[in-house]
Amino acid sequence: MAPRVRFAPSPTGFFHVGSARTSLFNWLYARHTGGTFVLRIEDTDTERNRDEWQAGILSAMDWLGLSYDEGPYLQSSLIGDHTAAAEALYDAGHLYACDCTREAIDERKKDAAKPGYDGFCRDRGLPRSSQTALRFAVPRDGETVVHDVIRGDVTFANVNYEDFVVVRPNGVVLYPLANLVDDRSIRISDVIRGEDLLPTTPKQIMMWEALNNCAGVEAVPLPRYAHLPMLVNEQRKKLSKRKDPVAVESYRDQGYLPEAFVNYLALLGWSPRSGEELVSRDVLVEQFALEDVSHSPAFFDVKKLTHLNGEYLRAMPLETFIEAARPWVAPWSSSWRPTTPPPWSEREFDEDLFARVAPLVQERLTTLGEVPAMVGFFFTEVTLDEAAFEKTIGSDPLGQTMLAVAIERFGGLTWSATTLHEATAELGEALGLALRKAQAPIRCAVTGTLVGPPLFESLEILGRETVLTRLHDALARVSA
RNA sequence: GGUCCCAUCGUCUAGUGGCCUAGGACAUCACCCUCUCAAGGUGGAGGCACGGGUUCGAAUCCCGUUGGGACUGCCA
């Protein structure tokens with residue numbers, strides 16, 4: 001039977017790169033096997049749950065192209081199932097009432113050999129009330145084995161587990177059971193999730209099997225488990241929402257492409273058998289195998305992501321690139337827009353002009369967010385880099401001469417990149433300047449900086465009038 | 001503290017007992033190309049955590065040590 005996998009985020013913050021990776025691996029597995037990818041939102045933590053986070057998850061998944069086949073199911077709408085399962089477990093004697101307070105437990109724990117709850121109420125036969133939680137009676141002996149697809153069999157001795165709380169005094173069923181009941185209801189066959197959940201898996205297996213033996217409960221086969229290695233930061237700690245730059249949305253904002261992001265994420269903890277690193281989504285789907293997932297944690301390296309992004313950017317057909325850049329260069333005509341607007345106005349911007357400029361910048365970018373700064377001088381006044389001006393013009397008489405002769409020569413020139421190139425070379429030569437030196441003051445005067453797109457093509461596009469004006473302005477600035 | 005997981009260049013990884021003088025990619029350094037900056041090309045430096053076994057032979061298998069991490073909630 002085709003696998004059924006699920007991604008079950010809780011909407012308690014920005015969509016996290018770790019979650020994105022988990023989601024991607026589930027998606028890849030489903031697509032590779034022809035299975036079903038189910039989305040379930042675990043929205044039962046009313047304290048931290050927020051609608052905007054939920055919308056954020058959906059939009060980030062959409063951006064990454066992680067399409068789901070079923071759902072989204074809302075965990076909050078499945079609460080009836082959770083309660084029914086808890087009742088069945090209670091009736092079968094797997095759950096018992098406990099009225100111990102945290103303080104009482106901690107007090108007894110002081111001189112106990114083992115930390116955690118000591119099973120104090122297990123045999124007290126307390127009646128259920130609004131003051132009692134329900135705990136799962138963990139077998140005192142034996143062991144539970146997790147048959148993990150990635151790690152092999154992992155054995156846990158049952159004595160290491162305390163009788164954990166399953167239902168709060170107010171009747172709310174807690175995560176370990178709720179999550180498992182939903183997986184049963186939705187008939188999940190393969191649970192692919194972060195390694196941080198490996199130690200709690202035995203609890204879920206115990207409850208799953210207990211449930212299968214309860215009267216009136218349909219037996220459901222245990223899912224296969226696959227625990228993915230963690231994503232860590234430079235300190236080798238699990239990525240933290242608080243301290244690490246993990247919001248997927250912020251990568252989109254900076255101008256990373258979804259294809260590059262997906263490609264990079266897939267390479268964290270997995271590598272295709274072909275050994276290639278630039279891997280299209282189709283090839284990812286074709287080659288992905290859970291068995292090939294690595295065992296050790298991976299560091300999320302933005303530098304490598306950035307490199308990959310540059311590769312994707314350069315590989316794009318020009319028209320695709322122009323459209324991809326739209327949110328950054330013409331946000332007013334885009335349905336989605338980054339937080340930082342371009343330094344020009346809608347009136348100043350010119351679509352056709354940008355189309356001519358685009359090929360000049362496409363190959364020198366790593367992210368789309370860099371576009372506005374790189375092409376700003378085409379659409380608005382130059383933003384002068386003072387240090388660059390001082391170096392090439394302000395304190396350099398030859399630079400000033402260069403500007404003066406250029407103004408004279410450019411005035412009567414047939415206007416093209418080639419002729420501008422030749423003219424500049426000749427003028428420089430006459431002054432004993434190599435082309436790299438000769439072009440610097442012109443570049444600075446016209447673009448404001450010493451680095452940028454190819455100069456002569458830029459001059460051609462900018463036009464004689466603008467170029468001459470800027471050369472004059474730069475010269476005037478010296479005498480001022 | 002307890003339980004569990006993990007361990008190849010700085011980083012992501014290839015490697016499943018001989019093909020390993022350990023391969024690739026990012027980052028880094030040098031040079032080339034070049035109107036700047038990129039891109040590209042060429043080359044360099046850089047790693048099997050340690051100690052025992054097993055074996056004719058170990059990065060690869062076993063044990064131990066060390067190191068790192070996760071979990072240990074009436075959050076999800």
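For the numbers below, each heavy atom of this structure counts, side chains included, while hydrogens, waters and symmetry mates do not. Model, not experiment: these values are computed from the prediction. Order of the sequence lines fixes the chain letters, A, B, ..., with proteins taken first and strands second; residue numbering starts at 1 for each chain.
- Considering only the side chain of A/Lys238, B/rC71 comes nearest among B/rC71, B/rC26, B/rC75.
- Here the CD atom belonging to A/Glu457 is positioned 5.5 Å from the CG atom belonging to A/Leu360, to the nearest 0.5 angstrom.
- The base of B/rA25 sits within donor-acceptor range of the side chain of A/Lys304, with an N or O pair under 3.5 Å.
- Taking each heavy atom of A/Asn179 and A/Arg193 in turn, the nearest pair found is OD1-NH2, 3.8 Å.
- If you take CD1 of A/Ile105 and C1' of B/rU72, they are 14 Å apart, rounded to a whole angstrom.
- Of the candidate nucleotides B/rA70, B/rC74, B/rC12, B/rC74 has the atom lying nearest to any side-chain atom of A/Arg168.
- The shortest distance between the side-chain N/O atoms of A/Ser294 and the OP1/OP2 oxygens of B/rU13 is below 4.0 Å.
- Between the base of B/rC75 and the side chain of A/Glu42 there is no donor-acceptor pair shorter than 3.5 Å.
- In this structure, the nucleotide among B/rC35, B/rG2, B/rC5 sitting nearest to the side chain of A/Arg443 is B/rC35.
- Nucleic acid contact for A/His227: none, since no nucleic acid atom lies under 4.0 Å from a heavy atom of the residue.
- Considering only the side chain of A/Asp45, B/rA76 comes nearest among B/rC26, B/rA76, B/rC37.
- Looking at the side chain of A/Leu174, the nearest of the listed nucleotides B/rC26, B/rC71, B/rC75 is B/rC75.
- When distances run from any side-chain atom of A/Ala133 to the nucleotides B/rC6, B/rC74, B/rA25, the shortest one goes to B/rC74.
- Distances from the side chain of A/Val451 to the nucleotides B/rU36, B/rC12, B/rU11 place B/rU36 closest.
- Remark: the separation of the C1' atoms in B/rC6 and B/rU65 is 16 Å, to the nearest Å.
- For A/Phe136 and A/Tyr96, the ring centers sit 6.0 Å or farther from each other.
- Nucleic acid contact for A/Gly194: none, since no nucleic acid atom lies under 4.0 Å from a heavy atom of the residue.
- Relative orientation of the A/His421 and A/Phe456 rings is parallel, given thresholds of 30° and 60° on the angle between their planes.
- Using modelled atom types, no side-chain atom of A/Ser23 and backbone atom of A/Ser19 make a donor-acceptor pair closer than 3.5 Å.
- Here the side chain of A/Leu198 is nearest to one of B/rC5, B/rC35, B/rU3, namely B/rC5.
- Here A/Arg151 does not reach the OP1 or OP2 of B/rA70: none of its side-chain N or O atoms lies under 4.0 Å away.
- Base contact: A/Tyr175 has a heavy atom under 4.0 Å from a base atom.
- The residues A/Asp396 and A/Lys391 are annotated as not salt-bridged, no charged nitrogen and carboxylate oxygen being separated by less than 4.0 angstrom.
- One cannot find a donor-acceptor pair under 3.5 Å joining the base of B/rC74 and the side-chain atoms of A/Arg135.
- Pair check for B/rU16 finds none; no Watson-Crick or G-U wobble contact set falls under 3.5 Å.
- Relative to the side chain of A/Lys237, the nucleotides B/rA76, B/rG69, B/rC12 differ in distance, and B/rG69 lies closest.
- In the interface, the side chain of A/Arg364 is paired with the base of B/rU36 through a donor and an acceptor atom under 3.5 Å apart.
- Among the atoms of the strands shown, only primed sugar atoms or phosphate atoms (P, OP1, OP2) are found under 4.0 Å from some heavy atom of A/Thr155.
- The residue A/Glu457 sits close to a base: some heavy atom pair falls under 4.0 Å.
- Between the side chain of A/Tyr264 and the backbone N or O of A/Asp301, at least one donor-acceptor pair lies under 3.5 Å.
- For A/Pro454, taking side-chain heavy atoms from C-beta onward, the closest of the listed nucleotides B/rU36, B/rC74, B/rC4 is B/rU36.
- Contact annotation: A/Arg102 reaches the phosphate of B/rC74 (side-chain N/O to OP1 or OP2, under 4.0 Å).
- If you check every strand for non-hydrogen atoms under 4.0 Å, A/Phe456 touches a base.
- At a threshold of 4.0 angstrom between heavy atoms, the contacts of A/Gly275 with the nucleic acid are absent.
- Residue-to-nucleotide contacts include no donor-acceptor pair under 3.5 Å from the side chain of A/Glu195 to the base of B/rG69.
- Contact annotation for A/Cys444: no contact, since no heavy-atom pair falls under 4.0 Å across all strands.
- The pairing partner recorded for B/rA30 is B/rU42, the criterion being a Watson-Crick or G-U wobble arrangement whose two distances lie under 3.5 angstrom.
- Here A/Ser271 reaches the OP1 or OP2 of B/rA14: one of its side-chain N or O atoms lies under 4.0 Å away.
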